[in-house]
There are 2 protein chains.
Amino acid sequence: MKNTATRDKLIDSGAQLISQQGYNATGINAVLKTCGVPKGSFYHYFSSKEDFGLAVIERFAASYDETLVVLLEDNDTPPLERLKRYFAAGREHMHECDHATGCLIGNLGQELSGQSDTFRDALNLVFQRWEQRFVRCLQDAQARGDIATHSVPEALASFILTGWEGAILRAKTLKSVEPMEHFEKILFQQVLVPAT
Amino acid sequence: MKNTATRDKLIDSGAQLISQQGYNATGINAVLKTCGVPKGSFYHYFSSKEDFGLAVIERFAASYDETLVVLLEDNDTPPLERLKRYFAAGREHMHECDHATGCLIGNLGQELSGQSDTFRDALNLVFQRWEQRFVRCLQDAQARGDIATHSVPEALASFILTGWEGAILRAKTLKSVEPMEHFEKILFQQVLVPAT
DNA sequence: AAAGCACTAGACTGACTGGTCTACTTTAAG
DNA sequence: CTTAAAGTAGACCAGTCAGTCTAGTGCTTT
């Protein structure tokens, strides 16, 4: 397996289509057509549609994790500023896709975690990695005294991730980033505040 | 259209299967098989699968709204208690379905709002109705001085709904109600609090 | 030059999809 | 009793699904 260009093309097209339509609604033939790759190549690189789906998740997670590191682990910026930057990037992405795709991992989590344990495990791992990034950022904030220490960072991280994913979902059905703004505003006004 | 028993059976089976597997993964034949209704009857009551899906949403929303009224508009119980009861009911349901189905409207919102505007509109309306129930409950709480008045109830309601939906999604991938508990705890500890 | 392997190419398969069609049974009205 | 409509019944359709198969191309190694 030397020529990874074709494999990458397949994963790229797949990620795009799955983001837009979901996993079940995306046929292999549609993926093939959008990137002009014959079926033989597909089954040369992937053993099944599930295998392909997992590869799409893996690659998205890896590439997204890079962004996350840049946004959340930049020690030159105060931790709460980093979080705000993260939310701003999310809102911008929502605009760019016309409120249609949202978060690939969130979408697949909703669609597939009741359908396949393999997918559920893979998606769960991605979520947990994200939470860890939040945890580190929140620990920084607590160490600086920017936020109170009476909530454990892990619980706060879970709160932020779930709230944000829910806001993305709501933004999709509403076709507006308003829910994302509400979430962010209340979060910074009442949750991520110094000890009183 | 007098005999609604068959129609109801179809919608019931449909709601169950769609909750478990999603809309796209649920075939009409599967619905037919689980309730022993022939195809002719299906297309007698519904003009298409989409029409059927909308009927499933409508009926679920109507029945769920009844529960919501009982839980959230009971004036004999303090408003924040009503909200806690609502969350407790949600957690219980999550246990009952073994963390597999979650919220039908949330699932379909994620799966279909990028796929069909008709579905998106229908689901959005349901969400908005739910938010209104929260708004009324929060207004009661503000009137009693149980929570501060510096947040508009509409924004708070959006915050609660999105946070809760996100927690449900996360609970599904994690197979644990822990995210729902984290959300509830932080919400009542830091957001739904009296003016300081 | 030859052999072996990574990869391309797409026709093909059986199962299944949403949806149509015709025939039949039941119910209600005149 | 007759007739029309409501509803049941399932064979059938064209299209699509994931996946298989065989044939061939082009690069690398010996």
Side-chain angles (χ1 to χ4, degrees), chain A residues 1-59 107-108 111-112 114-119 122, chain B residues 1-59 107-108 111-112 114-119 122:
Chain A
M1 193 195 293
K2 273 184 257 167
N3 179 11
T4 58
T6 306
R7 192 171 185 274
D8 288 349
K9 263 204 291 185
L10 285 165
I11 293 181
D12 277 345
S13 303
Q16 202 187 316
L17 288 174
I18 292 174
S19 288
Q20 285 165 15
Q21 320 170 318
Y23 176 80
N24 288 307
T26 301
I28 288 170
N29 285 319
V31 176
L32 264 29
K33 207 175 169 185
T34 58
C35 61
V37 167
K39 199 161 245 188
S41 299
F42 183 93
Y43 283 96
H44 175 73
Y45 293 109
F46 308 102
S47 64
S48 66
K49 191 189 179 184
E50 175 170 289
D51 186 32
F52 176 63
L54 291 170
V56 168
I57 290 171
E58 214 167 288
R59 218 168 88 103
N107 295 355
L108 293 180
E111 188 180 356
L112 300 175
Q115 203 174 126
S116 145
D117 277 347
T118 316
F119 273 114
Chain B
M1 194 197 290
K2 273 185 254 165
N3 179 10
T4 58
T6 307
R7 193 172 184 271
D8 287 350
K9 262 204 290 185
L10 285 165
I11 293 181
D12 277 344
S13 303
Q16 202 186 317
L17 288 174
I18 292 173
S19 288
Q20 285 165 14
Q21 318 170 319
Y23 176 80
N24 288 307
T26 301
I28 289 172
N29 285 317
V31 177
L32 263 29
K33 207 175 169 186
T34 59
C35 61
V37 167
K39 200 164 246 190
S41 299
F42 183 94
Y43 282 96
H44 175 73
Y45 293 109
F46 309 102
S47 66
S48 66
K49 191 189 179 186
E50 176 170 289
D51 186 32
F52 175 63
L54 291 169
V56 169
I57 291 170
E58 212 167 290
R59 218 167 90 102
N107 295 356
L108 293 180
E111 188 181 356
L112 301 175
Q115 203 173 124
S116 145
D117 276 348
T118 316
F119 273 113

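Chain identifiers are assigned alphabetically (A, B, ...) following the order of the sequence lines, protein sequences preceding nucleic acid strands; residue numbering begins at 1 within each chain. Excluded from the calculations below are hydrogen atoms, water molecules and symmetry mates; all remaining heavy atoms, backbone and side chain alike, are included.
- Glu111(B) places no side-chain N or O within donor-acceptor distance of the main-chain N or O of Gly22(B), the cut-off being under 3.5 Å.
- Taking only side-chain atoms of Pro38(A), from C-beta outward, the nucleotide of dG10(C), dG19(C), dA9(D) with the closest atom is dG10(C).
- As a whole-Å value, the separation of Phe42(B) CZ from dG10(D) P is 17 Å.
- A close approach under 4.0 Å does not occur between any side-chain nitrogen or oxygen of Tyr45(B) and OP1 or OP2 of dA6(D).
- Between Val31(A) and the options Val56(A), Ile11(A), Leu17(A), Val37(A), a side chain to side chain contact (heavy atoms under 4.5 Å, CB included) holds for only Leu17(A).
- Rounded to whole Å, the distance from CD on Glu50(A) to P on dC17(D) is 19 Å.
- In this structure, NE2 of His44(A) is placed 5 Å from C1' of dC7(C), rounded to the nearest angstrom.
- In this structure, the side chains of Asn24(A) and Gln115(A) come closer than 4.5 Å at one or more pairs of heavy atoms.
- In this structure, Thr6(B) does not reach the dG7(D) phosphate: none of its side-chain N or O atoms is under 4.0 Å from OP1 or OP2.
- OP1 or OP2 of dG10(C) has not a single side-chain nitrogen or oxygen of Lys39(A) nearer than 4.0 Å.
- Distance, Gln21(B) CD to dT17(C) P: 10 Å, rounded to whole Å.
- Put simply, the side chain of Leu108(B) reaches to within 4.5 Å of the side chain of Tyr23(B), judged on heavy atoms.
- The separation between Lys33(A) atom NZ and dA9(C) atom C1' is 17 Å, rounded to whole Å.
- Heavy-atom contacts from other residues, nucleotides or ligands closer than 6.0 Å to CD of Glu58(B) number 12 or fewer.
- Rounded to an integer number of Å, the gap from OH of Tyr43(B) to P of dC13(D) is 17 Å.
- Atom CG in Asn24(A) sits about 12 Å away from atom P in dG18(C), given to the nearest Å.
- Within the nucleic acid shown, Thr26(B) comes within 4.0 Å of sugar-phosphate atoms alone, with no base atom in reach, counting heavy atoms only.
- Distance Asn29(B) CG to dG15(D) P: 18 Å, rounded to the nearest Å.
- The residue among Gly40(B) and Ala25(A) whose nearest nucleotide of DNA chain D is located toward the 5' end is Gly40(B).
- Between Ser41(B) and dT8(D), a side-chain N or O to OP1/OP2 separation shorter than 4.0 Å is present.
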